[in-house]
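Notes follow once the structure below has been shown.
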Protein chains: 2
Amino acid sequence: MLRKPATLKDVAALANVSRATAARALNSYGYVGDETAQKVHAAAEKLGYRGNRLAQALRNGQLPIVGCILGDIQNPFFARIAHDIEALARECGYNLVIGSSEEELGQEVSLLESLQSLSIRGFIVAPTSAESNAHLLRLIAENVPLVLIDRVAEGVDCDSVVVDNEGGARKAVEYLIAMGHRRVGLLQDDMRIFTSRERMSGYRAALAAGEIAPDDRMVSVSQSTVDHAVDATIRLFSQKTPPTALFTVDSLMTQGALLAFRSMGISIPHDVSLIGFDDFNLATFTDPQITVVSQPVAEIGRAAARLLFDRLSGKSGQPQKFRFETKLIVRGSVSRRRGV
Amino acid sequence: MLRKPATLKDVAALANVSRATAARALNSYGYVGDETAQKVHAAAEKLGYRGNRLAQALRNGQLPIVGCILGDIQNPFFARIAHDIEALARECGYNLVIGSSEEELGQEVSLLESLQSLSIRGFIVAPTSAESNAHLLRLIAENVPLVLIDRVAEGVDCDSVVVDNEGGARKAVEYLIAMGHRRVGLLQDDMRIFTSRERMSGYRAALAAGEIAPDDRMVSVSQSTVDHAVDATIRLFSQKTPPTALFTVDSLMTQGALLAFRSMGISIPHDVSLIGFDDFNLATFTDPQITVVSQPVAEIGRAAARLLFDRLSGKSGQPQKFRFETKLIVRGSVSRRRGV
DNA sequence: AGACAATGTGAGATCGATCTCACACATATT
DNA sequence: AATATGTGTGAGATCGATCTCACATTGTCT
C-alpha cells in the first residue's frame with residue numbers, strides 16, 4: 001500500500017497549471033496570479049505535498065546537512081558538543097549527520113568521503129590525527145567549509161575551536177608540584193591526538209619549571225575508554241616506585257583511574273593525588289570530590305557551529321581560530337606531600 | 001579556487017566514451033570491453049571521481065541514510081544507543097542523521113518531516129508522546145521503515161525495542177516496601193512519555209500490592225534534566241511529611257535527587273532510601289553506591305538497528321516487538337525502615 | 001491607434017547518475 | 001546464404017525541483 005509522496009507535478013496537475021507556475025506559487029517568486037496561487041496552495045495542501053529536498057539539493061548543488069565527525073559520542077564532552085551543534089543546526093534549517101571516528105584515521109577519512117559525496121555543505125571535525133591530514137586539506141582545496149573542534153591539525157588552515165590544553169595541563173601539574181609531588185604520573189591517550197600532545201607538553205613544561213626530570217615510567221598510554229584506562233592505571237601503579245600524584249587527560253580516563261584505585265585499595269588523596277582534565281558529572285559526587293581542569297564545554301560546540309554557519313552564509317575572510325581558557329577547579333583530590 | 005567535483009560526464013569525456021558506457025564500466029554491469037573499462041577506470045582515477053550520492057539517490061528514490069530521533073543525546077542512555085546505531089549503520093554503508101526532539105512533540109514532528117523530505121530510508125525514533133502519533137502513523141502508511149526505541153506509541157504497529165519498565169519499577173518499589181517504607185516518593189518526567197507512564201504504573205502496582213494508598217503528594221514531576229530534578233526533589237522533600245524513600249525514573253533525575261539531598265543535608269540511606277531507574281557511571285562512585293534498576297543498554301541500540309536494517313534489506317512480515325528484562329541491582333542506597 | 005511596459009503562464013533545459021532501448025558488428029547455427 | 005545469438009556502444013528518458021526564456025494578455029501612455 002505504498003503511496004509515493006506527492007511531487008510538484010502532481011500538484012501542478014491537480015491545480016491545472018504547469019510545473020513552473022506551481023513552483024512559483026509555492027516558493028513565491030516571479031509573477032503568479034492570486035487565484036492561481038490559491039489553487040496551487042490548495043492542491044499542495046490536499047496532496048500533502050512536501051518538496052523533495054534531494055531534488056532541490058541536486059539542482060542547487062548543496063544539501064542542507066552538516067556533517068560532524070567526533071571521536072565518540074559516548075564521551076560526555078563530545079555528547080554535549082554534538083547536542084549544541086544539532087540545536088543550532090536545527091535553528092538554521094539544517095540537519096546534522098553524526099559520525100564516530102572511534103579515533104581511527106581510516107574511519108575518519110572514509111566517513112568524510114562518504115559524506116562529501118552527499119554534497120554535504122560543511123563539516124565540523126575533531127581530527128583523529130594531528131599529522132595525517134591530506135583528507136582535510138582536500139576539503140579546503142575544494143572550498144568546503146570546515147571547522148576543526150577540540151583539536152587542530154598541522155598545516156590545516158581553517159576555522160577552529162580549541163581550548164588551552166597546554167596551559168590547563170601545566171596549571172594542573174604545577175599545582176601538584178607546588179603541593180610537594182615530584183613523581184607525577186600522566187595517563188594519556190594516543191599521541192597522534194592533538195589534545196594529547198598539547199596536554200603532554202603542558203605536563204612536560206610544568207615538570208621542567210619544577211626542575212623535575214621527565215621519566216617515562218611515570219607515563220601510561222591507553223585508549224580513551226574507562227576499561228582501558230583502568231588497565232593503564234593499574235600498570236602505572238604496580239611499579240616499585242609508583243607516582244604520588246596522577247594527571248589524567250580526559251574524563252573517561254579519570255573514571256578509569258578512580259576505578260583502578262578503588263580496586264587496588266589506593267585511597268585518594270591519602271595515597272595518591274589526582275587531577276583530571278575536563279570536568280564531569282561524577283567529579284562532585286565522589287568522596288573526596290575530584291579536582292579538575294575544566295573547559296567551557298557549553299561554548300565550544302556553539303562557537304564551532306556559529307563559525308560553520310557563518311561560512312555557509314557566505315562570510316569569507318581569514319580563518320578564525322578560537323582558543324578558550326581552561327580553569328583549575330580545586331576540590332579535594334589533591335593533598336600535600338610531606339617528606340618523601 | 002573552487003574546483004567542482006568530477007562528474008560521470010567528465011570521466012566519460014576523458015575516456016572518450018558515452019556516459020552510459022562509463023557507468024557500466026564503473027558499476028560493472030552489462031557488457032563493456034576490457035580495454036574500454038580500463039580507460040574509464042583510469043579516467044575516473046585521474047579525475048578523482050566520486051559518484052554523487054545525491055543524484056543516485058534521486059534516481060533510485062532512496063538515500064542511504066537512516067534518521068534517529070531521540071530525546072537528548074546528552075543522556076548517557078541515549079548516547080550509548082546513538083553510538084551503537086551509528087556503528088551498525090556504518091557497517092551497512094549507511095550514514096546516520098541524529099535529531100534531538102528535546103522531548104517536544106512539535107520538534108519531533110518537524111524533524112521527521114524534514115528528514116522524510118530527504119528521502120531518508122528509515123527511522124529509529126524514541127517518541128516524545130505515547131498518544132500523539134499521527135506523524136508516526138503516516139510514516140507507516142507510506143511504508144517507511146520505522147523502529148520505535150525505548151518507548152512505543154499507542155496504536156502504532158511497527159518494530160519496537162523497549163524494556164520492561166513496569167516490571168522494573170515494580171521490583172524497585174516492592175523492594176522499598178519490603179524494606180519497611182510506606183511513604184515512597186516518585187520522581188518522574190512528563191506523563192506523555194511512554195516510559196514515564198509505564199514506570200508510574202509499576203510504582204502504582206507495587207503500592208497496591210503493599211496495600212498502600214497512592215498519594216499525589218508523594219509524586220513530583222519534572223523535565224528530565226539534572227537541574228529540574230533538583231528542584232522537583234526539593235519540592236517533594238520540603239513537605240511536612242516527606243517520603244522516606246524515593247524512586248527516580250531515569251539517571252539524570254537520580255543525579256538531580258542526589259544533588260538535592262546533599263544541598264538539603266539529607267543523607268542516604270540514613271534519612272532517605274533511593275532507587276534509580278537506569279544504571280549509570282556515577283552510581284558506583286557515590287558513598288553509598290546507588291541501588292538501581294538496570295536495563296541492557298548495550299543491546300537496545302543494536303537490536304533496534306538490526307530490526308531497521310532487516311526491513312531495509314527487504315524483510316517483511318509482522319512487526320517485531322522486543323521487550324528486554326530489567327534487573328534490580330542492590331547496592332547501598334536503601335536501608336530498612338523501622339517503626340515510623 | 002500604436003508602442004511599450006507590467007503581469008501571468010508554459011515549454012524545455014538543467015543538476016548527475018542510471019537504465020532502457022536501439023543499433024552496430026561479430027560469431028555461431030541451420 | 002540466411003538467420004540467430006552474443007557482445008559492445010551511444011542516444012535519450014528518467015528521477016523532482018527550479019530557472020530561463022519565450023509567448024500571451026492586459027493595461028497605460030503618447
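Convention: sequence-line order gives letters A, B, ...; per-chain numbering from 1. No experiment lies behind these values; they were computed from the predicted model shown.
Nearer the 5' end of DNA chain D, as judged by each residue's closest nucleotide, is the contact made by A/Thr7, out of A/Thr7 and A/Arg24. Each of A/Gly33 and B/Arg50 was assigned the nucleotide of DNA chain C with the nearest heavy atom; the assignment lying further toward the 5' end belongs to A/Gly33. Between B/Asn60 and A/Ala23, the residue anchored closer to the 5' end of DNA chain D is B/Asn60, taking for each the nucleotide with the nearest heavy atom.
The interatomic distance linking B/Leu58 (CG) with D/dT18 (C1') rounds to 13 Å, in whole Å. Atom pair A/Asp34:CG and C/dA6:C1' shows a separation of 15 Å (rounding to whole Å applied). Spacing between atom CG of A/Leu63 and atom P of D/dA17 amounts to 15 Å, rounded to whole angstrom units. Whole-Å rounding puts the A/Gln38 CD to C/dG8 C1' distance at 16 Å. Straight-line distance from the CG atom of A/Asn27 to the C1' atom of C/dT9: 16 Å, rounded to whole Å. Residue A/Leu54 contributes atom CG, which lies 9 Å from atom C1' of D/dC15 at whole-angstrom precision. Spacing between atom CG of B/Asn52 and atom C1' of C/dG16 amounts to 6 Å, rounded to whole angstrom units. Atom C1' of nucleotide D/dT20 and atom CZ of A/Arg19 are separated by 13 Å, given to the nearest angstrom.
Side-chain polar atoms of A/His83 and B/Glu102 form a donor-acceptor pair below 3.5 angstrom. Under the 3.5 Å distance criterion, with hydrogens and angles disregarded, a donor-acceptor pair is assigned to the side chains of A/Asn95 and A/Arg53. Side-chain contact annotation: A/Thr128 with A/Glu108, donor-acceptor N/O pair under 3.5 Å present.
Taking side-chain N and O atoms only, A/Gln56 has no distance below 4.0 Å to OP1 or OP2 of D/dG16. Residue A/Thr21 has a polar side-chain atom (N or O) positioned under 4.0 Å from OP1 or OP2 of C/dG10. Considering only side-chain N and O atoms, A/Tyr31 lies nowhere under 4.0 angstrom from the phosphate OP1 or OP2 of C/dG8. An OP1 or OP2 oxygen of D/dT18 is reached within less than 4.0 angstrom by no side-chain nitrogen or oxygen of A/Tyr29. The phosphate of D/dG16 (OP1 or OP2) has no side-chain N or O of A/Tyr49 nearer than 4.0 angstrom.
For A/Leu8, counting side-chain heavy atoms from C-beta on, the closest listed nucleotide (D/dG16, D/dT18, C/dT18) is D/dT18.
Interatomic distance, A/Glu113 CD to A/Ser117 OG, rounded to the nearest 0.5 Å: 8.0 Å.
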Hey, mind stepping through B/Asp150 and B/Val161 against side-chain contact (heavy atoms from CB on, under 4.5 Å) and telling me if it holds? CA-CA 6 Å; B/Asp150 185 46; B/Val161 180; over 6 Å; no
